[in-house]
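Here is how names work: the chains are called A, B, and so on, in the same order as the sequence lines, proteins then strands, and each is numbered from 1.
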Amino acid sequence: RKEVEQDPGPFNVPEGATVAFNCTYSNSASQSFFWYRQDCRKEPKLLMSVYSSGNEDGRFTAQLNRASQYISLLIRDSKLSDSATYLCVVRGDSNYQLIWGAGTKLIIKP
Amino acid sequence: DAGVTQSPTHLIKTRGQQVTLRCSPKSGHDTVSWYQQALGQGPQFIFQYYEEEERQRGNFPDRFSGHQFPNYSSELNVNALWLGDSALYLCASSLGETPNYEQYFGPGTRLTVT
């Protein structure tokens, strides 16, 4: 089993729709959680950190369920510019290492 | 505010050769992590440098080595290149023990081994 698993994708979604990404992690001692966005052939960029209480940034909402070892990202009113690969990232119990999912590719269609 | 910079942007090497990749962290950051990203995969952690020492290492062979300089810049060296080393090599910088441990990435070096 991979340490961080994501929906394989790709997700093809019409503009304006709501899309949800799911991620599970295997290490219950994991400390920090993030969603990164990566455009084609570019570097990953931090989208948002994920807090236990859940957090929202504009159209983006992240949730963490420690009991189920599950992280989610919700994008509302999707834009063409949201097309990218979304990577779920977990900070392991070793304190410094970030463990990355393989990413889910999102394609927003007009 | 200068972000993370990496050089070179692209590199083509032959099997068995050695390569050195360079990274300058974001201004004010003191920690550098290196990742290897194969096509269609998430980044894989190679190692992290802090205070000029390798603080943690991922599951990579000794052919992968690195260094951090007093100005916090860093190098990644790969010896005896294999075809499988072809990938995007990403450098990320962060600030010591910031609570959320956010990392900022450079544009990467795309290495092709033929």
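- We find the CG-NZ distance between B:L90 and A:K42 to be 12.5 Å, quoted to the nearest 0.5 Å.
- B:Q37 is listed as a side-chain neighbour of A:Q38, based on a closest heavy-atom distance under 4.5 Å.
- Two residues are said to be in side-chain contact when any heavy atoms from C-beta on lie closer than 4.5 Å; A:L98 and B:S33 fail this criterion.
- Rounding to the nearest 0.5 angstrom, the gap separating the CZ atom in B:R55 from the CD atom in A:Q97 is 12.5 Å.
- Remark: B:Y72 OH is loosely packed, at most 12 non-hydrogen atoms of other residues, nucleotides or ligands lying under 6.0 Å away.
- Few gaps surround CD on A:E15; more than 12 heavy atoms of other groups in view lie less than 6.0 Å from it.
- Residue A:E43 holds its CD atom at 13.5 Å from CD of B:Q103, rounded to the nearest 0.5 Å.
- Around the CZ atom of B:R15, the shell of radius 6.0 Å holds no more than 12 heavy atoms that belong to other residues, nucleotides or ligands.
- Surrounding NZ of B:K13 are more than 12 heavy atoms belonging to other residues, nucleotides or ligands, all under 6.0 Å away.
- Around CG of A:L80, the count of heavy atoms belonging to other residues, nucleotides or ligands within 6.0 Å exceeds 12.
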